[in-house]
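Written out below as structure tokens is the structure these notes cover.
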Number of protein chains: 2
Amino acid sequence: MPKQTKKRDTGCPIAFALDTFGDRWSLLVIRDMAFKGFQSYNQFLNSEEKIATNVLADRLAELEELGIISKLTDPADGRRHLYVLTSKGIALLPVLIEMMQWSAQYDVNTIVKPEILSRIVHDREAFITQLREKIINRQALLAPMSRA
Amino acid sequence: MPKQTKKRDTGCPIAFALDTFGDRWSLLVIRDMAFKGFQSYNQFLNSEEKIATNVLADRLAELEELGIISKLTDPADGRRHLYVLTSKGIALLPVLIEMMQWSAQYDVNTIVKPEILSRIVHDREAFITQLREKIINRQALLAPMSRA
DNA sequence: CTGTATCCTTAGGGATACTG
DNA sequence: CAGTATCCCTAAGGATACAG
């Protein structure tokens with residue numbers, strides 16, 4: 001059961017965003033879905049940063065409750081689950097993109113493919129639109145048939 | 001002395017961003033500087049979300065060490081300090097803006113002035129540029145004379 | 001006003017074992 | 001494979017007192 005972290009509940013949008021996904025792991029899970037196309041528990045678990053299994057389970061439940069992701073049953077195998085981004089989750093793409101750009105600019109250890117960075121800088125809107133459609137298409141194949 | 005939080009140090013820009021300012025308070029301090037024009041310890045301390053004094057001191061030191069803010073002595077009163085955003089800090093504006101837009105879209109309790117939201121949506125680049133210049137001008141008055 | 005210093009609590013999260 | 005369940009521990013953060 002996901003905990004209710006202490007919410008600040010001033011009307012501030014920054015504070016709300018932080019209270020919603022401003023923890024150490026949520027955005028990484030969302031990144032895995034958005035950029036790597038990950039959909040299964042095991043994929044997240046084996047992601048580069050090595051999230052702990054209990055933390056992952058908690059974050060997935062939390063994000064689902066927040067309406068940022070959906071949990072589906074795999075149409076190819078009814079025993080498996082798949083996690084996909086909702087439109088509310090996909091709407092976080094711009095936030096991720098801006099973080100990427102900032103880190104690419106100021107951290108020497110950050111690795112972003114030059115052609116990606118270039119598109120972010122010079123063709124931001126189109127890049128996001130294209131990414132969004134890619135995600136939607138990937139999910140469209142399974143979403144309609146098997147909502148959990 | 002600011003603690004070194006556990007850094008993940010994969011080359012991922014999202015992970016780096018989270019490790020750098022992905023805590024409960026850093027972005028709120030930056031928000032206070034960027035949008036409210038706050039520059040003094042007391043202003044931050046009395047901000048709406050009521051940050052604890054030790055946490056504030058820690059975050060200010062941390063952000064300074066990261067090169068995101070600068071600590072100056074107040075030219076009007078040598079005993080006082082002022083905190084201002086560096087270019088690296090100002091470069092976080094787009095991240096803040098995207099968070100604002102997302103929250104405005106998905107949280108009913110979030111309050112963003114309609115004219116602000118409209119500018120973000122329809123005139124994003126110009127809005128950010130203008131905001132950036134406003135911040136720089138505000139700081140230009142004191143920055144050159146009194147680096148601590 | 002601008003911080004330090006302490007004390008204390010809790011929740012976030014790592015490790016690991018276990019289950020359907 | 002896809003999670004639960006525990007145990008434990010540390011660091012983040014509240015409260016408050018105090019100092020330059």
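Order of the sequence lines sets the chain letters (A, B, ...), proteins ahead of strands, with each chain counted from 1.
Between E125(A) and R124(B) there is no salt bridge, since none of the side-chain N atoms of the basic residue sits less than 4.0 Å from a carboxylate O of the acidic one. Comment: K7(A) does not engage D19(A) in a salt bridge, judged by the lack of any side-chain N to carboxylate O separation of less than 4.0 angstrom. Look at D74(B) and R79(B) and you find no salt bridge, because none of the NZ, NE, NH1 or NH2 atoms lies under 4.0 Å from a carboxylate O.
Across the protein-nucleic acid pair, L18(B) atom CG and dG12(C) atom C1' stand 15 Å apart, rounded to whole Å. Summarising the geometry, the separation between CD on E49(A) and P on dG14(C) is reported as 11 Å, rounded to the nearest angstrom. Put simply, CD1 on I51(A) is 13 Å from P on dT4(D), counting in whole angstrom units. Atom pair L60(A):CG and dT4(D):P shows a separation of 9 Å (rounding to whole Å applied). Between F21(A) atom CZ and dG12(C) atom C1' there is a gap of 19 Å when expressed in whole angstrom units. Rounded to whole angstrom, the span from the CG atom of D58(A) across to the P atom of dA2(D) amounts to 19 Å. Following rounding to the nearest Å, D23(A) (CG) and dG13(D) (P) show an atom-to-atom distance of 12 Å. Whole-Å rounding puts the L82(A) CG to dC1(D) P distance at 14 Å.
With the nearest nucleotide of DNA chain D identified for both W25(B) and L45(A), L45(A) has the one nearer the 5' end. Residue order along DNA chain C, read from the 5' end via each residue's closest nucleotide, puts N46(B) first among T53(B) and N46(B).
Under the 3.5 Å distance criterion, with hydrogens and angles disregarded, a donor-acceptor pair is assigned to the side chains of Q130(B) and R119(B).
Interface remark: the N54(A) side chain does form a donor-acceptor pair with the dG14(C) base, using a distance-only criterion of under 3.5 Å.
Taking 4.0 angstrom as the limit, K71(A) places a side-chain polar atom (N or O) nearer than this to OP1 or OP2 of dG3(D). OP1 and OP2 of dA12(D) both lie 4.0 Å or more from every side-chain N or O belonging to R24(A). The shortest distance between the side-chain N/O atoms of H81(A) and the OP1/OP2 oxygens of dG3(D) is below 4.0 Å. Within the structure, a side-chain polar atom (N or O) of Y83(B) is placed less than 4.0 Å from OP1 or OP2 of dG3(C). Phosphate contact (OP1/OP2 of dC1(D), side-chain N/O of R80(A), threshold under 4.0 Å): absent.
Here N42(A) lies in heavy-atom contact (under 4.0 Å) with sugar-phosphate atoms only. R79(B) comes within 4.0 angstrom of no nucleic acid atom, judged by non-hydrogen atoms across all strands.
Residue F35(B) forms a side chain to side chain contact (heavy atoms under 4.5 Å, CB included) with just one option from L93(B), I30(B), I135(B), I116(B), and that option is L93(B).
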